[in-house]
Amino acid sequence: VTVRVSHTTINYKDGLAITGKGPVIRRWPMIPGIDFAGTVTQSDSAHFKAGDAVILNGWGVGETHYGGYAQVARVPGDWLVAKPPAFSAAQAMAIGTAGYTAMLSVMALEAHGTPLYVFHEIVHNTSVVKSFKDRGVIFVDDIASVPDGSRLIFSAHGISPAVMAEAAARGLTTIDATCPLVTKVHQ
């Protein structure tokens, strides 16, 4: 599917890629941008046609596949989702990858209620973190402070295998909200 990119974000990982301070880019040359919104201009996909408004988040874009800072992107159709009509492309990208990660937490909160524990801050957005705290979400820096059998969300920043093993050993129900790019960098 070919997409005319109208909006993207500047994400922390894009900053690492642009400055060369982190091992984000896996193939050179590369155009950064880990997400984008735009309009389909050509499609061989049964799911999208020219004129459809779409969003892309993740899939190695900006790392192993040219990213959202390009004016035009050519990606597999299964990497795209239809842009919800309630949002403009600018609003969808204002939410961006970090907002997507936060939404996983909202969904968990709605499905399970509180107490819900989050290992470290879910995103670098004080308003989002405050909103979760106001709803009863408990942020912890050490999973030893999470009661056995509780629900625990791993933040977008990822966790070590030792933390994952400790959570499993203690019977914690975990939701992994680790950013896909973070996961790839740590592999």
Side-chain angles (χ1 to χ4, degrees), residues 9-17 21-27 30 32-36 55-65 67-68 75-82 84 92-187:
T9 63
I10 299 176
N11 187 281
Y12 178 74
K13 283 154 210 77
D14 294 320
L16 292 175
K21 301 227 185 248
V24 175
I25 295 178
R26 303 291 183 184
R27 181 176 64 91
M30 181 54 55
I34 67 167
D35 52 19
F36 64 75
I55 299 169
L56 181 139
N57 177 318
W59 295 99
V61 171
E63 177 188 358
T64 59
H65 193 88
V75 297
D78 60 351
W79 290 8
L80 299 168
V81 294
M93 288 297 95
I95 295 167
T97 301
Y100 170 77
T101 303
M103 182 52 70
L104 292 175
S105 298
V106 170
M107 292 167 60
L109 184 60
E110 289 174 349
H112 304 290
T114 57
L116 179 65
Y117 295 84
V118 177
F119 186 61
H120 297 139
E121 289 187 351
I122 192 72
V123 293
H124 295 296
N125 183 316
T126 56
S127 297
V128 170
V129 172
K130 182 183 180 318
S131 173
F132 283 122
K133 286 180 178 178
D134 290 347
R135 292 180 176 170
V137 174
I138 302 162
F139 291 85
V140 298
D141 290 323
D142 182 356
I143 67 168
S145 60
V146 178
D148 290 350
S150 295
R151 287 178 303 281
L152 174 66
I153 297 177
F154 296 127
S155 77
H157 308 107
I159 53 145
S160 71
V163 171
M164 181 74 79
E166 181 182 350
R170 296 196 36 238
L172 301 178
T173 301
T174 60
I175 300 165
D176 190 355
T178 303
C179 170
L181 285 177
V182 171
T183 300
K184 287 181 183 183
V185 166
H186 289 286
Q187 290 177 344

Search all heavy atoms of [X] against all heavy atoms of [Y] and return the closest pair with its distance.
X      : Y      : value
Phe119 : Ile143 : CD1-CG2, 3.4 Å
Phe154 : Met164 : CE1-SD, 3.8 Å
Glu63  : Met30  : O-CE, 3.5 Å
Asn57  : Asp35  : CA-CB, 4.1 Å

Exercise. Roughly how far apart are Phe139 CZ and His120 NE2, rounded to 0.5 Å?
Worked result: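 NE2 of His120 is found 12.0 Å from CZ of Phe139.
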Exercise. Rounded to the nearest 0.5 Å, how far does CD1 of Ile175 lie from CG of Leu152?
Worked result: 8.5 Å
Those residues that, when tested against [X], pass side-chain contact (heavy atoms from CB on, under 4.5 Å) (two or more places apart):
X      : answer
Ser160 : Ala162, Val163
Ile138 : Pro115, Tyr117, Val140
Val81  : Ile55

Exercise. What is the ring orientation for Trp79 with His65, classed by angle as parallel under 30°, tilted 30 to 60°, or perpendicular over 60°?
Worked result: perpendicular
Problem set entry | Min side-chain heavy-atom separation Ile153-Leu116 under 4.5 Å | yes
Exercise. Do Thr114 and Arg135 come within less than 4.5 Å of each other through their side chains, counting heavy atoms only?
Worked result: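 SC-SC contact between Thr114 and Arg135 ruled out.
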Problem set entry | side chain to side chain donor-acceptor pair (under 3.5 Å) partners of Asp141, counting only residues at least two apart | none
Problem set entry | Qualifying residues under salt bridge (charged side-chain N to carboxylate O under 4.0 Å, His left out), relative to Arg170, sequence neighbours excluded | Asp148
For this session: List the steps and the verdict of side-chain contact (heavy atoms from CB on, under 4.5 Å) for Leu172 and Val146.
Result: CA-CA 8 Å; Leu172 301 178; Val146 178; 3.8 Å; yes
